Visitor: 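Have a look at this one before I ask anything.
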Amino acid sequence: MKKLMLGNEAVARGAYEAGCTIAAAYPGTPSTEITEYIAKYDEIYSEWSPNEKVALEVAIGASIGGARAICSMKHVGLNVAADPLFTVSYSGVNGGLVIMVADDPGMHSSQNEQDSRFYARSSKVPMLEPSDSQECKDFVKYAFEISEQFDCPVIVRLTTRVSHSQSSVEIGDKENFKLKDYVKDASKYVMMPAMARRRHVEVEKRMAALREFSNSSELNKIELDSEEVGIITSGISYQYVKEAAPNASILKIGMVHPIPEKMISEFASKVKILYVVEELEPFFENQILKMGIKVTGKQKLPVMGELNAQLIAEKLFDRKFEASQVQAGQPIPVRPPVMCPGCPHRGMYYVLKKLKLNVSGDIGCYTLGALPPNECMDTCICMGASIGVAHGMEKARGSEFRKNTVAVIGDSTFIHSGITGLIDVVYNKGNSTVMILDNSITGMTGHQHNPTTGFTIKGEPTRQVDLELLCKAVGIERVTVVDPFDVKELEKVVKAEIEADEPSVIISQRPCALLKSVKFEGSRKISREKCKTCRACMKIGCPAIVDKKDHLEINPALCVGCKLCTKVCSFDAIERMDS
Ligand SMILES: Cc1ncc(C[n+]2csc(CCOP(=O)(O)OP(=O)(O)O)c2C)c(N)n1
C-alpha cells in the first residue's frame, strides 16, 4: 500500500517498521514532527526530553539495554548533544541507534545555518541522507542495520525540504526485532582513558570498513546518461539536479559519510565535466578535490541558503530555466512575524519597554520582542543563553548596568539549559533579575509538552516541575509569580527586583493564548466617543488594533478579547463588542 507522507512522518514509519521501541527528542523545526508521529505508535515508548543531550543519552541507554532506539533534533540540537555523540561513537551500540538531525539551509526557522555533515566526520559516525519520503523510511531502516553491523550510532541527516515535503511511500510490515541481551562490558561502555584508547582503535577499523561498505552500498547510485556532464549530489539537491539537468549523469550519494571514494573516481572517469551540487558547505567538494579529481562546485554555487533548480541551471549551465511548477500570479504579501493576539508575552514586553530596560533574550515566541513594535530585546544567542549573558554583562559593566537589565527566558528553554545559568548566577554572586515566561507550553515549535506543563508527549498527566520551588532550591530567595497582563503589578515587581542587591526570579505566568483551555470573553471595540486617540493602546503592539489615522479600530477577526488593551487605556474607551 502506498501513502502520501511527510519526510518526517516517513522517518517515524521507518522507525516503526524497523522494530524500534524507544524514541527521545527535544522539539526543533524542522525535526519536530518525527517524534510527534512516532508518539502515535503505541509500540514505541516516546518522550520529549528536557534537551537534546538528554534525548541522546536516553537513546544510548536504550541501545545499550538492547533495544533499537532513535533520537531526533534540529541541527543546533546536535551542538547540545555533541558531548555524548562523540563518545558513543567510541563505545558503540548494542541495539541499533539512529540519530535524526534536520538541518535548515536558508534559516527558515533557525539562528544559524550550520552543516551537520561535519559532525559525522568529526565524531567518526556514518551519516545517511535521503532525498524524498520513501528514502526517509528506507534509510532509517538501513541506518538501524548499519548501526548493528558496524557497532556504531548512525546519523540520518534531513533538511527542511525533505522533512516538510510530501511524497508517496510504500508501507511495509513491522520487523519483529527482539530485545538483545544486555551484556555487562566495562571495556566497551565505560569510556575512561584506558578503555577509550582501545576503543579509538576500533573506531578507526570501523571507519575503514565503512569506507569499503560505502563503495558497494546501494545507498549510493550512479545514473549514467550524458558523457559530457556528471553531477555528484545528495539529499534535496538531487531533486533539483534532476529538474535542472535531466540529461546529466548523476552520482547520488546516500551515504554522505564516509563518501564512496572508489565510486566517485569511477564516475569521474566517465564524464568530461564534473560538478558537485550540495547545499551549504563544500563538504563533498573538498574531499573530492583532495582525491586529486577536478571538480567544480562552490566556485559557481553559493555556500549560503537553499539551492533550487533555477539557480543550478543558471549558475552551472548559464541557461534560463522554465520552472515546472505553476507560478502564483501575484507576489505573496509579506507577513512579518508577530506575537499572536492574546499572547502573554505582550504584557511583559509592554512593561520592559516602558522601563527602558536592557533585555538579555533567549529563543522562543518571545524572541519576537526584538522586532517592531516592541523592539526591546538586546541579545539572543542560543537556547538557555539569556541568563549567562546577563550575568556576564553584570560582571563586565557593574551593578548600575545590571539594575537596568533583565534576562527573559521561556519555560521550556529554562528547563532545556537555562537552569545551569541560574545556578551560575547564584554560585558566582551575581544579582541578575531573571524573568521566566511560563506560558504552560513549548510555544514556538507548536505546543509540545515539557517538564513544567504536567503532561507527557502522549498527553498523559505526570509530575510537574514546580518552577518556584526549583528556583528557591538553587538559592534564589526572591521569587515572585506575576500575571503579565496585570501590567501595573508587573511593573512594580520588576522595579523592585532590579533594584534589589541579590539575584531574583520573576515567574511571569499566563498560559499561551492558543491553548485549548484558554477562553476569552470575545472581541472588543474602541468607542469613538470615549477614545482620545492618545494611542496608548498601540504601545502593546497588538495586531488587532489598527491605526486609521483619525481614529483607532479593533479588527474583530483578530481580537480574541484578552483585554490587555483595556489595562493600558486611561479613558475606558475599549468595550465589549455588544456593549
Ligand atoms: C538547541 C535548540 N533546540 C531547539 C530549538 C528550537 N526551539 C526554538 S524555541 C523553542 C522552544 C521555546 O519554548 P519556550 O521556551 O517555552 O518559549 P515559548 O515559545 O513558549 O514562548 C525551541 C524548542 C533551538 N532553537 N535550539
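Computed over heavy atoms, backbone and side chain alike; hydrogens, waters and symmetry mates excluded. Ligands are counted one by one from 1 in listed order, and the atoms in each one are counted from 1 as well. Please read these numbers as outputs of a predicted model, since none were measured by experiment.
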Visitor: Look at the aromatic rings of Tyr26 and His416 and report parallel, tilted or perpendicular, splitting at 30° and 60°.
Guide: tilted
Visitor: Strictly by salt bridge (Lys or Arg N to Asp or Glu O under 4.0 Å), give each pair with a member in residues 554-566 just once, sequence neighbours left out.
Guide: Glu521-Lys563
Visitor: Using a 4.0 Å cut-off on heavy atoms, what residues surround ligand 1? Order them by chain and number.
Guide: Tyr26, Pro27, Gly28, Glu52, Lys74, Val76, Gly77, Val80, Gln111, His345, Ile363, Gly364, Cys365, Tyr366, Met383, Gly410, Asp411, Ser412, Thr413, His416, Asn439, Ile441, Thr442, Gly443, Met444, Thr445
Visitor: Does Arg346 count as lying over the ring of Phe485, i.e. NZ or CZ under 6.0 Å from the six-ring centre, within 45 degrees of the axis?
Guide: no
Visitor: If you compare all heavy atoms of Thr405 against all heavy atoms of Ile498, which two are closest, and at what distance to 0.1 Å?
Guide: O-CG2, 3.8 Å
Visitor: Not counting sequence neighbours, list each pair that qualifies as a salt bridge (Lys or Arg N to Asp or Glu O under 4.0 Å) and has a residue in residues 39-50.
Guide: Asp42-Lys458
Visitor: Under 3.5 Å, which donor-acceptor pairs do the side chains of residues 506-513 form with other protein atoms, sequence neighbours left out?
Guide:
{"from": "Gln509", "atom 1": "NE2", "to": "Asp438", "atom 2": "OD2", "distance (Å)": "3.0"}
{"from": "Arg510", "atom 1": "NE", "to": "Asp483", "atom 2": "OD1", "distance (Å)": "2.8"}
{"from": "Arg510", "atom 1": "NH2", "to": "Asp483", "atom 2": "OD2", "distance (Å)": "3.1"}

